[in-house]
Amino acid sequence: MIDSVPESALPAAAPALRQRLLAWYERERRDLPWRRRSDAYAIWVSEIMLQQTTVQTVVPYWRRFLELFPNVRSLANADLDAVLGAWSGLGYSRRARMLHAAAKRIVNERGGRLPQTLEGWRALPGVGSYTAAAIGSIALGLPSPAIDGNVQRVLTRLTKTGGDPRRTAVARRLESLARSLIDEDRPGEFNQALMELGAMVCLPRRPSCPSCPWGTSCAARRDGVVEDYPQLAPARPAVTVVRGAVRLFNGRGRVLLTRVAPGEPNQGLLELPGTVLYHGRSDHPAHAPRRWCPELALQLRDRLASEKRLFVEIGSLLRRVRHGITHHRITVYLTQAEAVARVPSGKAWCWVDPRRLSGLPLTGVTRRLLESG
DNA sequence: AAGCCGTGGTT
DNA sequence: TAACCAAGGCT
């Protein structure tokens with residue numbers, strides 16, 4: 001269902017809305033490192049990192065990444081492991097693979113020249129409609145609306161547009177709205193201002209309507225229903241996962257890691273040897289084990305032996321880490337272990353100095369399990 | 001087009 | 001604690 005205010009009202013108000021938004025943005029904009037850059041490469045990297053990831057998390061990663069890979073050629077020439085290592089902890093490592101693949105394609109097929117059109121960007125792996133519009137407007141001055149979750153929230157509230165904005169029909173309506181609002185002379189500023197408004201003022205919960213430059217024009221605020229928008233569909237129930245992992249040292253104080261097999265989550269990254277001990281929907285009557293126990297230790301030992309040919313005796317519990325992912329709730333128990341047979345070797349296994357983890361392509365959980373403890 | 005990706009932060 | 005959210009894209 002889509003109910004909204006008459007759209008004819010909006011184009012007339014567009015110039016005033018534009019002016020108020022841009023004036024607010026000029027005053028309130030955060031000093032983010034990529035906002036000091038105008039080259040498409042720096043903007044591109046920031047936009048890929050910012051997909052489903054908060055600004056606060058991205059900033060240090062972006063700085064390190066641009067020091068390691070200052071331009072598209074250095075990124076294209078880098079080993080995938082180095083790129084994944086720089087990404088480790090940021091999540092959704094597929095973004096890093098696609099960024100690396102896109103850099104290679106730019107160097108190999110375009111002589112290292114970055115695209116200068118929306119279609120050119122859109123054709124690269126990892127660049128969808130939002131990211132293409134963001135790069136296009138910010139780095140190239142193209143007048144294309146960049147519509148992310150923030151912008152969806154602002155626009156559904158401004159116009160009381162009902163329905164889930166992630167659905168195609170609603171998204172099209174919002175895009176049409178944004179197109180009628182965008183400042184064609186300063187599209188990059190406009191897009192960033194709209195996203196900034198969503199990130200700083202028009203918050204999902206407890207928005208700061210009194211300080212909003214659009215507050216007097218907002219239909220949802222006028223009717224006192226701001227927090228009823230956007231009308232997102234309820235999320236699916238989460239999946240509960242319990243996992244066991246072992247910390248096994250060799251004689252030189254190095255810890256055993258294994259390469260995640262293709263087809264598994266986090267494939268290609270390094271993780272502590274382990275296995276899934278429980279996997280189920282959390283809306284079912286929970287059978288998920290609630291605490292570490294000898295039965296789980298035996299199961300972990302047997303499955304490491306049968307699945308990975310790693311033969312150990314399980315020692316004491318070292319720590320428990322909870323990991324909340326979109327619709328996964330993961331609990332990992334890390335135990336000590338002693339090898340009782342020769343440890344496998346080969347490409348899937350490696351021993352690393354636990355003091356030298358930075359730069360390794362670790363999974364997020366492994367990074368947390370190994371840090372300071 | 002609907003589900004998946006199994007991240008980190010806030011409330 | 002657990003739900004919800006974030007500068008989404010891919011299949």
Side-chain angles (χ1 to χ4, degrees), chain A residues 29-30 32 34-35 43-62 87-99 101-102 121-135 137-138 145-154 164-171 188 191-200 202-207 227 230 232-243 260 263-267 269 271 274 276 279 282-283 286 290 321-332 362-368:
Chain A
R29 60 182 279 171
R30 289 170 289 180
L32 304 176
W34 46 88
R35 286 186 176 158
I43 305 300
W44 174 33
V45 173
S46 77
E47 290 298 341
I48 300 297
M49 288 187 169
L50 286 162
Q51 291 169 3
Q52 300 295 101
T53 310
T54 55
V55 164
Q56 178 190 342
T57 304
V58 165
V59 168
Y61 281 90
W62 183 88
W87 206 272
S88 174
L90 199 50
Y92 293 125
S93 62
R94 191 176 57 154
R95 293 182 294 171
R97 298 174 200 284
M98 292 190 291
L99 182 62
W121 279 105
R122 186 69 181 74
L124 292 172
V127 180
S129 57
Y130 160 77
T131 303
I135 298 170
S137 63
I138 296 169
I147 303 179
D148 66 345
N150 285 314
V151 174
Q152 288 175 345
R153 188 168 56 253
V154 172
D164 189 330
R166 294 170 296 195
R167 294 184 48 195
T168 310
V170 183
N191 282 336
Q192 291 183 84
L194 198 43
M195 291 188 273
E196 190 88 338
L197 187 64
M200 305 300 289
C202 195
L203 304 174
R205 279 169 288 186
R206 302 186 54 184
E227 294 199 48
L232 298 175
R236 286 174 302 127
V239 173
T240 298
V241 177
V242 175
R243 196 180 168 84
V260 178
E264 291 182 26
N266 282 322
Q267 68 173 69
L269 300 186
E271 66 176 3
V276 173
H279 189 286
S282 61
D283 61 338
R290 284 295 202 175
V321 166
R322 291 183 193 274
H323 213 54
I325 315 299
T326 315
H327 54 281
H328 294 261
R329 293 186 33 73
I330 304 157
T331 303
V332 186
L362 307 179
T363 69
V365 167
T366 295
R367 187 164 292 284
R368 288 180 57 195

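A, B, ... follow the sequence lines: proteins, then strands. Residue 1 opens every chain.
The residue A:S46 sits apart from the nucleic acid: no heavy atom pair falls under 4.0 Å. Heavy atoms of A:A146 sit nowhere under 4.0 angstrom from any nucleic acid atom. Heavy atoms of A:W62 sit nowhere under 4.0 angstrom from any nucleic acid atom. Counting any heavy atom pair closer than 4.0 Å across all strands shown, A:V58 reaches no nucleic acid atom. At the heavy-atom level, A:R35 lies under 4.0 Å from base atoms of the strands shown. Counting non-hydrogen atoms under 4.0 angstrom, A:M98 reaches the backbone sugars and phosphates but no base.
For the P atom pair drawn from C:dC4 and B:dG6, the interatomic distance equals 22 Å after rounding to whole Å.
With sequence neighbours left out, the side chain to side chain contact (heavy atoms under 4.5 Å, CB included) criterion links A:V55 to A:R30, A:L32, A:W34, A:L50, A:V59. Taking A:T53 as the reference, A:T57, A:V58, A:L90, A:R95 meet the side chain to side chain contact (heavy atoms under 4.5 Å, CB included) condition, with sequence neighbours excluded.
Applying the 4.0 Å criterion to OP1 and OP2 of C:dG8, one finds that A:S129 has every side-chain N and O outside that range. Distances shorter than 4.0 Å separate some side-chain N or O of A:H323 from OP1 or OP2 on B:dG8. Between A:R94 and the phosphate of C:dC10, there is no side-chain N or O to OP1/OP2 separation shorter than 4.0 Å. For C:dG8, the OP1/OP2 oxygens have no side-chain nitrogen or oxygen of A:Q51 closer than 4.0 Å.
Nearer the 5' end of DNA chain B, as judged by each residue's closest nucleotide, is the contact made by A:T168, out of A:T168 and A:V365. Comparing A:E47 and A:P125 by the nucleotide of DNA chain C that holds the closest heavy atom to each, the one mapping nearer the 5' end is A:E47.
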Between the protein and nucleotides 9-11 of chain B, which nitrogen or oxygen pairs are less than 3.5 angstrom apart?
none

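In plain terms, the two heavy atoms of A:Q267 and A:G263 that are nearest each other are OE1-N, 3.1 Å.
A:T363 and A:N266 are not linked by any side-chain donor-acceptor pair at a separation below 3.5 angstrom, with hydrogens and angles left out of the test.
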